[in-house]
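Numbers here are sequence positions counted from 1.
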Amino acid sequence: QVQLVESGGGLVEAGGSLRLSCAASGIIVRLSRMGWYRQAPGKPRGLVASITSLGITNYADSVKGRFTISRDNAKNTVYLQMNSLKPDDTAVYYCNAFTPGRDYWGQGTQVTVSS
């Protein structure tokens, strides 16, 4: 009964910003390694950003300085703040939770950046 529900995607012009949310149930975000991945058509799914149970963050080189991953433990929600968006950021963004038992995925939310 684990669920990860992404929201916040949409269409934005280059240089704009979006904030993605991942609302989790059935797991405790604070105790899990949470990540945001993205997949563009014809390309493999890749890591965008992650945050560990200790609060250590990691970012793909392509988004460093522009994206920020964070948690709200009280809301059991993970966020991805995306600034200075580029057309190359266009993809379906997925929330991931890695727990001792298995990993879980959200349904994904589309982000489209126009030039």
Side-chain angles (χ1 to χ4, degrees):
Q1 296 182 350
V2 173
Q3 288 187 323
L4 303 175
V5 181
E6 302 100 330
S7 62
L11 175 64
V12 65
E13 294 185 4
S17 298
L18 287 172
R19 189 179 75 159
L20 306 183
S21 299
C22 174
S25 60
I27 61 167
I28 301 175
V29 166
R30 178 176 55 84
L31 302 180
S32 305
R33 178 189 181 274
M34 306 297 298
W36 286 97
Y37 292 72
R38 67 186 182 187
Q39 186 170 25
K43 297 182 179 180
R45 186 176 300 186
L47 175 69
V48 176
S50 64
I51 183 168
T52 72
S53 60
L54 298 178
I56 300 172
T57 57
N58 185 51
Y59 298 91
D61 288 341
S62 59
V63 307
K64 285 183 178 178
R66 300 188 297 121
F67 291 10
T68 303
I69 188 171
S70 62
R71 302 180 305 206
D72 186 328
N73 294 332
K75 295 182 178 179
N76 208 38
T77 298
V78 180
Y79 303 96
L80 183 68
Q81 178 66 46
M82 305 184 294
N83 298 326
S84 302
L85 283 162
K86 305 174 181 179
D88 285 348
D89 296 320
T90 296
V92 178
Y93 284 70
Y94 297 91
C95 181
N96 168 261
F98 186 82
T99 68
R102 56 158 288 182
D103 63 325
Y104 301 92
W105 294 90
Q107 185 173 319
T109 184
Q110 176 71 46
V111 172
T112 302
V113 184
S114 62
S115 60

Note to self: Please verify the inter-ring angle class for Tyr37 with Trp105; under 30° counts as parallel, over 60° as perpendicular, anything in between as tilted.
What the structure shows: perpendicular
Item checked: Minimal non-hydrogen separation, Gly26 against Val2, with atom names -> O-CG2, 3.8 Å
Next item on the list: Sort out for me which residue in Leu85, Val12, Thr90 forms a side-chain contact (heavy atoms from CB on, under 4.5 Å) with Thr112.
Entry: Thr90
Item checked: Shortest non-hydrogen contact between Arg38 and Ala91, atoms and distance -> CB-CB, 3.8 Å
Notebook entry, point to check: Looking at SG of Cys22 and CG of Asn76, how far apart are the two atoms once the value is rounded to the nearest 0.5 Å?
Noted result: 9.0 Å
Item checked: More than 12 heavy atoms from other groups under 6.0 Å of CD on Gln3 -> no
Next item on the list: Could I get the full list of side-chain contact (heavy atoms from CB on, under 4.5 Å) partners for Lys64, not counting sequence neighbours?
Entry: Tyr59, Asp61
Next item on the list: Would you name the heavy atoms of Ala23 and Thr77 that are closest together and state the gap between them?
Entry: CA-OG1, 3.9 Å
Next item on the list: Could you tell me which non-hydrogen atom of Glu6 sits nearest to which non-hydrogen atom of Tyr93, and how far apart they are?
Entry: OE2-O, 4.0 Å
Next item on the list: Quick one: pull up CZ in Arg33 and OG1 in Thr99 and give me the separation to the nearest 0.5 Å.
Entry: 12.0 Å
Margin query: Given the ring of Tyr79, does Arg19 sit roughly above its face, with NZ or CZ under 6.0 Å from the centre of the six-membered ring and within 45° of the axis?
Written below: yes
Item checked: Residue from Thr109, Ile69, Val78 passing side-chain contact (heavy atoms from CB on, under 4.5 Å) with Leu20 -> Thr109
Checklist line | Side chain to side chain, Gln81 and Ser70, heavy atoms closer than 4.5 Å | finding: no
Margin query: I'd like to check the side-chain contact (heavy atoms from CB on, under 4.5 Å) partners of Leu31; sequence neighbours left out, ordered by chain and number.
Written below: Ile28
Note to self: Using modelled atom types and a 3.5 Å cut-off, is there a donor and acceptor pairing between side-chain atoms of Asn96 and backbone atoms of Tyr104?
What the structure shows: yes
Note to self: Taking Phe98 as the starting point, is it possible to reach Leu80 by hopping between hydrophobic residues whose side chains are less than 4.5 Å apart?
What the structure shows: no
Next item on the list: Evaluate the side-chain proximity of Arg66 to Asp89: yes if any heavy-atom separation is below 4.5 Å, no if none is.
Entry: yes
Check: Sub-3.5 Å donor-acceptor pair from the side chain of Asn58 to the main-chain atoms of Ser50, do we have one?
Finding: no
Notebook entry, point to check: Do Cys95 and Met34 come within less than 4.5 Å of each other through their side chains, counting heavy atoms only?
Noted result: yes
Item checked: Shortest non-hydrogen contact between Ser17 and Asn83, atoms and distance -> OG-OD1, 2.9 Å
Notebook entry, point to check: Heavy atoms, side chains only, cut-off 4.5 Å: are Leu18 and Phe67 in contact?
Noted result: no
Checklist line | Contacts of type side-chain contact (heavy atoms from CB on, under 4.5 Å), residue Val92, not counting sequence neighbours | finding: Tyr94, Gln110
Next item on the list: Measure across Pro87 and Ser115 and return the closest heavy-atom pair with its distance rounded to 0.1 Å.
Entry: CG-CB, 3.9 Å
